[in-house]
Amino acid sequence: MAQIRRLTADSRELQQHWSSLRRVLDQRLQIARQVELVRKTQGAAAATRFANQSPLLQTRVAVYRLLDEMDALERGSLDLHQADYLATRQRLLQLGSITAILLLLLLAATYRLIRSQLRALEASRQQLADSQENLSITLHSIGDAVLATDAAGRITRMNPVAEQLTGWTLAEAVGQPVATVFHIIHELSREPALVPVERVLATGKVQGLANHTCLIARDGREWPIADSAAPITDDSGQIRGVVLVFRDVSLERSVERAMQQQNVQLERRVDEKTRQWADSMAHLHSIITALPAYIAFVSREQRYVYVNDQYRQRFAPEHDDITACLVSDILGPERYQRVQPMIEKALQGELQEYDWQPFAGVWHAIRYVPKRDSSGAVEGYYVLGNDITGRKRDEERIQALNLELAGRVAELEGVSRALRTLSAGNHAMLRASDEPGLLQDMCRLIVSVAGYASAAVWLHAAEGERLFPAAQHGFPGGLERLAGMADSMLAAITFSERPSLLQVPLGTDMASKEAVQGLSCPLWVDGRIIGALLVHTGGTACFDSDEIALLSEFADDLAFGIGMLRGRAEQKRAQAAMHYLTHHDALTGLANETQLVETLAAVMANGPPTPLALLQLNIERLSEINDALGFSHGDHILREFGRRLTECAPVSALVARLRGDEFAVLLPAHDVAAAQTVAQRLEQCLAQPFLVADIRLDVSAKTGISHFPDYAGSVHELLRQTDIAVHAARDKGVSHWLFNPQEYCDQSPHLNMAGELRQAIEGGELRVYLQPKVEMASGRVCGAEALVRWQHGAQGLLSPALFIGLAERTGLIKPLTEWMINSVLDLLQEWQQQGCALPVAVNLSAHNLRDEALGDKIRRWQQQRQLQTGLLELEITESTLMEDASSCLHVLQQWRDDGIPLYIDDFGTGYSSLSYLQRLPVEYIKIDQSFVCNLSGSKDSAAIVRSTIDLVHDLGRKTVAEGVESRADWEQLRALGCDVAQGYYIARPMPAASFLPWVAGFSMAQLARE
């Protein structure tokens, strides 16, 4: 009460309500004392009657009414403060807008002043140019004087102008030395000047007079002249004389002096205008510097053109000038990332306003004003900013007051105990690692933190079974005592969807029959009740509605924690099961290729090289057994084959099923001789007939052997060598064969190219080309087939025909195919983001079909890129499918379940049966181009194509025609009902970057015209 009085001391009305509240509470205390006195003197029944007759209910109503009125008064006061704050904020915004307008007006006035000064300067420059033009016209209107000499420097000819300037007539001057007639001196020094005729005769080159040369006429007059002398030569190049051209430059000299005077005056005027402009700029800079704002202008390239000192000191105090600096460099990566979207919108012409916190404890109100040129294009933007840190601090203080008020209201509500319980429960759930520990911690928190007498959690042992106490705190005797009282407890607990109050016969000494009040909260996990949380108050204390609500929420949190821990345990079990599935063969239970490769890599990387041998066994004619007896009996042979290998192999050996009919046996610490001995023992074990469908079958296998580190230095080399040895055993007709490196020493060119191919895959030399597919009915581009090209450094662009076979023989087909799939997935992801994705098909080989991990990889790669289902398509040749139809059927079905459309490529060239074709989960059948290209000229090819289309349609599939190279083929295929076409008639394979532009410009009408 003292705290309430202190909090309401500032309000007279609140003080009045507090006084009334104090009187009501004193009245309630007086009644409580009287009830206690009656109970002690007259008994509990009399006390109860006295309490019922007393005005307890009226005083309780009065207390709640007074508290509500005090709350309403306080909230009204808060609303008044909020209104004052909003009015102050509006005035600040108006003041900021007026300041920005004044700055813009000042900038406009400065701009007009600079424009007027520039126009005056341009007029002065034009006046100077006009004077120079007049001078040039004057100079070209004056005739030049010309005289000529012979090789001895004596005058031979003169024109009238020369006679006028020298004072000599031609008759008098002929034969005279040129220095006598053409007497020149330096105008300034008055020293005799060298006649250029002499230098021309000496050098044979054109000569000119020095500046300020003066001609002394015969009568003593002086003529400022400009001249030049050039040699006169004959056909043989001999100098026959000199021609001297000179003119009176008296007028030019006077004009030059006048120009010099005008230039001096013009320079004075320019200097004066420049000083005026500098004074204006200094005045503007002083005004901008004095304003309490951040001002800058940024170009379209996001470089600062101008900033005031406030802006520079705030964001780049270490720089004396940030003109021409990038905004990102000055603001820094973190701040620039926050303002970049607003900058981009401002450069698009949109006015931007926002508040931001560039530094800790500092807030700015920023405005970006775009600036446009005469054409309307945005050439930059102005930055106008104000420091609003004080306003933000006021907002924070108001928020703090709001929080404080909420906290005080919460204190008045009297439910802090339950709130602490919820908080502690959340922390306990975050720290919990197992379910028993979580249950025990939550029971302990209810007692120790919330102050309740005891708590217990009762759970179902299993679906439909009776409850048992799983955890408790506060019960003397613990769980054992609770379990002994299960019948009495369970009779009191009711399991409803909502919390329920109940009377439990549980005294503090565990032997009393006095009933105490308890609260039973159901625990819901995954939509069903798994148990209950039972909380006891102790004594006769009651639960109010707020406590029930918060304890119910606490029970919901506990149920969530139980569900989370159970889900986590289930996830761990699922992860263990997933690891088993990814490292074991589902059919035989043996290790799979993944586990074998990981084991090999671990053994090879563990310290010094440890000798080991690897045996690969391939069952022969398994496909024939599948065809004759069915896949189930073939699977029985595979399981029996793996069982015999496990029984006959050494204890230390690892037996694995690689794929299909291929098995492997890893022999640690075995040399070559020991490995061959094991191979022979395995052959003897496998020589016994296999009982299949009451038939005794002899099943043979070919074994390939390789050794580490004698022959192979890596896992890949070891696997490749065993595969080569298996094929060698089959080719040589022997049961097993040891890989011999000497037999493959002549494969260096292929190995070199294989090494280059590996580098090409890893080094980015491969290219993806796309050939379009067109839906024949609509003429719409419906997808493309991905084809690989090798951009060889020395041989140029290589066709896949030159290296695909090599990749299959050397085992590089796996990384090559994975590179191709990832490249296509990257391309599809880019198209999907652009909203123009089309399906793209990738070709697979027989090696890829035997790679059981490929399906999981494709699924993971698509999930990583979040690709739409159906964009990636896979093509498998008919001959590849028929190599091991049973295994292929299983793999293809998995891909089909993942939503990957499948194609049978080169249909008609293999030997597939209709039964297999009907069972294969494929959507498209591609007719081999050998039939399509002869469609127009061969009746047999036309009949095959027609029957194939009808057959495929009858099976519910679609047909794709490869190799369509003419319009006649197109029209005939469309008449036969073919669904999709592909070939040179539509387009040749093109780089992936050219595909979408080609699609945008494609139309069947244009194709028909072409």
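Sequential numbering from 1 along the given sequence is applied to the chain's residues. When reading the values below, keep in mind they use all heavy atoms of this one structure, side chains included, and skip hydrogens, waters and symmetry mates.
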* Asked: With distance as the sole test, does Q832 use its side chain to make a donor-acceptor pair with the main-chain N or O of Q866 at under 3.5 Å?
  -> yes
* Give a yes or no on whether the backbone of G660 and the side-chain of R657 come within a donor-acceptor separation of less than 3.5 Å. => yes
* Identify the heavy atoms of C648 and R681 that sit nearest to each other, and give their distance. =>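 So the minimum-distance heavy-atom pair works out to O-NE, 3.4 Å.
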* What are the two closest heavy atoms between A725 and I705, and how far apart are they? -> CB-N, 3.6 Å
* **Set of residues satisfying side-chain hydrogen bond (donor to acceptor under 3.5 Å, both in side chains) with respect to H716, sequence neighbours excluded** => R758
* Please list, chain by chain and in numerical order, all residues satisfying side-chain hydrogen bond (donor to acceptor under 3.5 Å, both in side chains) with N843, sequence neighbours excluded. => E785
Could you tell me whether the side chains of [X] and [Y] share a donor-acceptor contact shorter than 3.5 Å?
| X | Y | answer |
| --- | --- | --- |
| E765 | Q759 | no |
| Q893 | D897 | yes |
| H890 | Q894 | yes |
| Q676 | H736 | no |
| D635 | S632 | no |
| E620 | N618 | no |

* **Spacing of E875 atom CD and L902 atom CG [to the nearest 0.5 Å]** =>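 Output value for this atom pair is 10.0 Å.
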* Asked: What's the spacing between I904 CD1 and D928 CG if we round to 0.5 Å?
  -> 13.0 Å
* Asked: Going by the angle between their ring planes, with limits at 30° and 60°, are F641 and F663 parallel, tilted or perpendicular?
  -> tilted
